[in-house]
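The figures that follow rest on heavy atoms only: side chains count, while hydrogens, waters and symmetry mates do not. Every number for a ligand or one of its atoms is a count from 1 in the order of the listing.
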Amino acid sequence: MSGPAIRCCFNHMPAPALITGYHNAFAALCDRRLVQSMYSECSVLMERVLLTLHGEAHTCRRAIEWKLFRRDFARYYEREVYPTTLAQTLAPYLERGRLDLPAFGFRVNINLSADIAGIDRPEGSAKETDALVAFTRKFSEGATLFHSTRDKAEVRGEVAEALDAFNEQFLRPSKRRREDLLAQIGSGERHEDEAPRDILTVLLANRDDQDLDDDMILREVAFFMQAGSHSSANALTHSFHEVDQWCRAHPEDRQRLLTDDDFIQRCVHESLRLHPASPVAWRQAAEDFELPDGTAVKAGDSVTIDLMSANLETTLFGDDADRFNPRRNITGRIPPFGLTFGIGIHTCFGRDIAGGLGQSTDSGQPAHLGTLTNLLKSLLAHHARRDPESEPQADGGTERPNWGTYPLLIGTMEAQEHMS
Ligand code: HEM
């Protein structure tokens, strides 16, 4: 079984200018004359969040938030925080002996999202996590509304309701705690190192110079909640599927996945290349000019950047670029995952955390594998395998080619026989 089919995303709008190929797409993503335009369907969530800001406003917001994502943060997160989060999330599924992979991926990453966004979980209970997952799933539905197959007005209403409830239950208390801490730092009672390292604290500390009202802070925090979970959950499911298919054809590599970190990370990068979170990025021309391929556009014209064609370019990735091949050799400064994390103005903040940094050759430190590789490795180490009695299903709620359900059995056969 191959992955879910890619459906046409543009049947409801006039044809935009299309940018194809890696170098053209790269140049377009770095061009300040092209303004983000994929998220206007759901302004109730996406208005003036980092991903939809442009120009000076984007530069200023990105500058204050980016400080959190220095490389030491990715390493710290992977070593100090993630192993515990992963073990705790996995434990009940190991007991049950089964899991649905997209749902599991979302749940395990909700903690990462909440840590980064600055949402406290005082109870640490499963019920609390359930609530955060439900809110964040709704925010994801809003953020990807352009590709939704549901009634858009209805989704917008649900997103607005979810924002209100999330504000009440999670954001307000998290905000109060940080405001108190910042006041104590301001008065010298506490040292500034004691401020939590998260987006909410950064926004509160800069709310006057960045002109951030309460609604803006709510949208930005909710956007980070979904950015940290949604794409990673989909990417994990695609990676498992590709690796499973590969091992059926190359059984000699199955054991290698458990022992060779470089190989499993190559698998994840290769899957990321073949399955970008969105196969296209949308932009609007801010002025009349020529696109990298020489096409003239006028101010206001829509431009589609075909990330899929960039990631499948045979001159860079080889004649079999459209196939999964973790043994592929990529030369030059081309990232193995292509443009899946974007590039230039809106480059993904989570690239290093989710995708890892590869083998560390200089410092003698172990490789930073990223959350996706660590997750996949852990699932495989617990004998995660397709459930022969339940087929995976494509996600029918979106035009994006993602898995809606992907049932797995997990744990050894002996453990499962013992439980039944
Ligand atoms: C497999 C996982 C992920 C994929 C494939 C992915 C993909 C992307 C892409 C393609 C963009 C740029 C969109 C554009 O140019 O229109 C982006 C932006 C962004 N991503 Fe990710 N992402 C992932 C995980 C994460 C995680 C874990 C975070 C954690 C916070 C995150 C935070 C962000 C943010 C904040 C932006 C906006 C940056 C800006 O506008 O300046 N992402 N992501």
Side-chain angles (χ1 to χ4, degrees), residues 19 25-26 28-32 34-40 46 48-55 57-66 68-69 73-74 77-78 82 105-106 108-119 136 139-140 143-144 146 198-200 202-203 219-239 268-269 271-284 303-305 307-308 310-311 335 337-356 370-376 400 402:
I19 297 182
F26 189 107
L29 290 169
C30 296
D31 196 320
R32 296 194 166 274
L34 290 172
V35 182
Q36 178 67 260
S37 65
M38 189 171 260
Y39 302 95
S40 50
M46 298 300 281
R48 291 197 300 124
V49 301
L50 181 67
L51 188 56
T52 59
L53 282 177
H54 192 69
H58 177 262
T59 309
C60 292
R61 177 91 57 87
R62 193 167 161 106
I64 57 165
E65 294 180 344
W66 177 245
L68 294 175
F69 290 84
F73 180 72
Y77 202 88
E78 175 166 324
Y82 209 63
F106 209 97
V108 77
N109 281 303
I110 205 77
N111 293 290
L112 168 73
S113 295
D115 286 339
I116 290 174
I119 291 300
T136 307
F139 302 152
S140 292
T144 55
F146 252 122
D198 54 49
I199 292 293
L200 179 55
V202 167
L203 297 176
R219 290 196 302 279
E220 186 78 344
V221 169
F223 158 66
F224 266 89
M225 286 299 299
Q226 82 80 27
S229 316
H230 176 83
S231 305
S232 296
N234 289 327
L236 177 66
T237 312
H238 285 303
S239 299
V268 169
H269 287 169
S271 174
L272 282 165
R273 181 180 68 79
L274 292 176
H275 304 282
S278 167
V280 289
W282 292 355
R283 299 291 191 262
Q284 194 173 45
V303 175
T304 296
I305 306 169
L307 302 174
M308 200 69 240
N311 285 5
F337 38 73
L339 295 180
T340 285
F341 291 103
I343 199 72
I345 301 163
H346 291 284
T347 304
C348 177
F349 270 23
R351 184 187 60 192
D352 296 348
I353 296 176
T371 50
L372 285 171
T373 303
N374 275 312
L375 265 171
L376 184 63
R400 293 188 184 185
N402 287 326

Enquirer: How close does the nearest protein non-hydrogen atom get to atom 23 (C) of ligand 1, and which residue and atom is it?
Expert: Cys348 SG, 3.6 Å
Enquirer: Below 4.0 Å from ligand 1: does a non-hydrogen atom of Phe223 turn up there or not?
Expert: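 Yes, that is the case, since the closest heavy atom of the residue is under 4.0 Å from the ligand.
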Enquirer: Show the atoms of ligand 1 that are less than 4.0 angstrom away from any heavy atom in Thr340.
Expert: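 Per the distance check, 5 (C), 7 (C), 10 (C).
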Enquirer: Any idea which part of Ala235 is under 4.0 Å from ligand 1, heavy-atom wise: side chain, backbone, both or neither?
Expert: side chain
Enquirer: Name the orientation class of the two ring planes belonging to Tyr77 and Phe73 (parallel below 30°, tilted from 30 to 60°, perpendicular beyond 60°).
Expert: tilted
Enquirer: Show which atoms of ligand 1 fall inside a sub-4.0 Å distance from at least one heavy-atom site of Arg283.
Expert: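 Under 4.0 Å from Arg283, ligand 1 has these atoms: 14 (C), 15 (O), 16 (O).
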Enquirer: Among protein heavy atoms, which sits nearest to atom 28 (C) of ligand 1, and what does the distance come to when rounded to 0.1 Å?
Expert: Gly350 CA, 3.5 Å
Enquirer: Evaluate Arg62 for polar contact with ligand 1, using N/O atom pairs at a separation under 3.5 Å.
Expert: yes
Enquirer: Keeping the roles fixed (side chain from Ser239, backbone from Ser271), state whether a donor-acceptor pair exists under 3.5 Å.
Expert: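 A pair under 3.5 Å: no.
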Enquirer: Examine distances only and state if a side-chain atom of Asn109 and a backbone atom of His230 form a donor-acceptor pair shorter than 3.5 Å.
Expert: no
Enquirer: Short list, please: which atoms of ligand 1 are under 4.0 Å from a heavy atom of Gly228?
Expert: 26 (C), 27 (C), 28 (C), 29 (C)
Enquirer: At less than 4.0 angstrom from any non-hydrogen atom of Thr347, what atoms of ligand 1 do you find?
Expert: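 Counting from 1, the qualifying ligand atoms are 38 (C).
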Enquirer: Answer yes or no: is there a donor N or O on one side and an acceptor on the other, between the side chain of His269 and the main chain of Gly355, under 3.5 Å?
Expert: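 Yes, His269 side chain to Gly355 backbone: donor-acceptor pair under 3.5 Å.
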Enquirer: Indicate yes or no: does an N/O atom of Gln36 lie under 3.5 Å from an N/O atom of ligand 1?
Expert: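 Looking only at distances, the answer is yes, because the N/O contact criterion of under 3.5 Å is met.
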Enquirer: Identify the closest protein heavy atom to atom 40 (O) of ligand 1: which residue and atom is it, and at what distance?
Expert: His346 ND1, 2.6 Å
Enquirer: List ligand 1 atoms under 4.0 Å from Phe224, heavy atoms only on the residue side.
Expert: 30 (C), 35 (C)
Enquirer: Side chain or backbone of His54 under 4.0 Å from ligand 1, or both, or neither, by non-hydrogen atoms?
Expert: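 Contact part for His54 vs ligand 1: neither.
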Enquirer: For Asn402 and Thr237, test the side chains for any donor-to-acceptor distance below 3.5 angstrom and give the result as yes or no.
Expert: no
Enquirer: When you measure from atom 33 (C) of ligand 1 to every protein heavy atom, which one gives the shortest distance, and what is it?
Expert: Phe349 N, 3.7 Å
Enquirer: Parallel, tilted or perpendicular: which fits the ring planes of Phe224 and Phe349, with parallel below 30° and perpendicular above 60°?
Expert: tilted
Enquirer: Can you tell me if Arg283 uses its side chain to pair, donor with acceptor, with the backbone of Val303 under 3.5 Å?
Expert: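 Side chain of Arg283 to backbone of Val303: no pair is present.
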Enquirer: Does any N or O in the side chain of Glu220 come within less than 3.5 Å of the main-chain N or O of Leu50, such that one atom is a donor and the other an acceptor?
Expert: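 Side chain of Glu220 to backbone of Leu50: a pair is present.
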Enquirer: Take a 6.0 Å sphere around CZ of Phe26 and say whether it holds more than 12 heavy atoms from other residues, nucleotides or ligands.
Expert: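 Not buried by this count: 12 neighbours or fewer within 6.0 Å.
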Enquirer: Nearest protein heavy atom to atom 25 (C) of ligand 1, by residue and atom, and its distance?
Expert: Ala227 O, 3.3 Å
Enquirer: Hey, looking at atom 37 (C) of ligand 1, which of Leu51, Leu53, Ile343, Val268 has the closest heavy atom?
Expert: Leu51
Enquirer: Would you mind telling me if ligand 1 is within reach of the side chain of Ile345, the backbone, both or neither, using heavy atoms under 4.0 Å?
Expert: backbone
Enquirer: Has ligand 1 got any nitrogen or oxygen that is less than 3.5 angstrom from a nitrogen or oxygen of His58?
Expert: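 It does: an N or O of His58 is found under 3.5 Å from an N or O of ligand 1.
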Enquirer: So which bit of Thr371 gets within less than 4.0 Å of ligand 1, heavy atoms only: side chain, backbone, both or neither?
Expert: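 Thr371 to ligand 1: no contact under 4.0 Å from either part.
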Enquirer: Under 3.5 Å, side chain of Glu78 to main-chain N/O of Gly370, donor-acceptor pair present?
Expert: yes
Enquirer: Just distances here: any N/O of Tyr39 and N/O of ligand 1 closer than 3.5 Å?
Expert: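 No; the residue has no nitrogen or oxygen that sits under 3.5 Å from a nitrogen or oxygen of the ligand.
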Enquirer: Can you list the ligand 1 atoms lying under 4.0 Å from a non-hydrogen atom of Gly342?
Expert: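 Atoms satisfying the 4.0 Å criterion: 10 (C).
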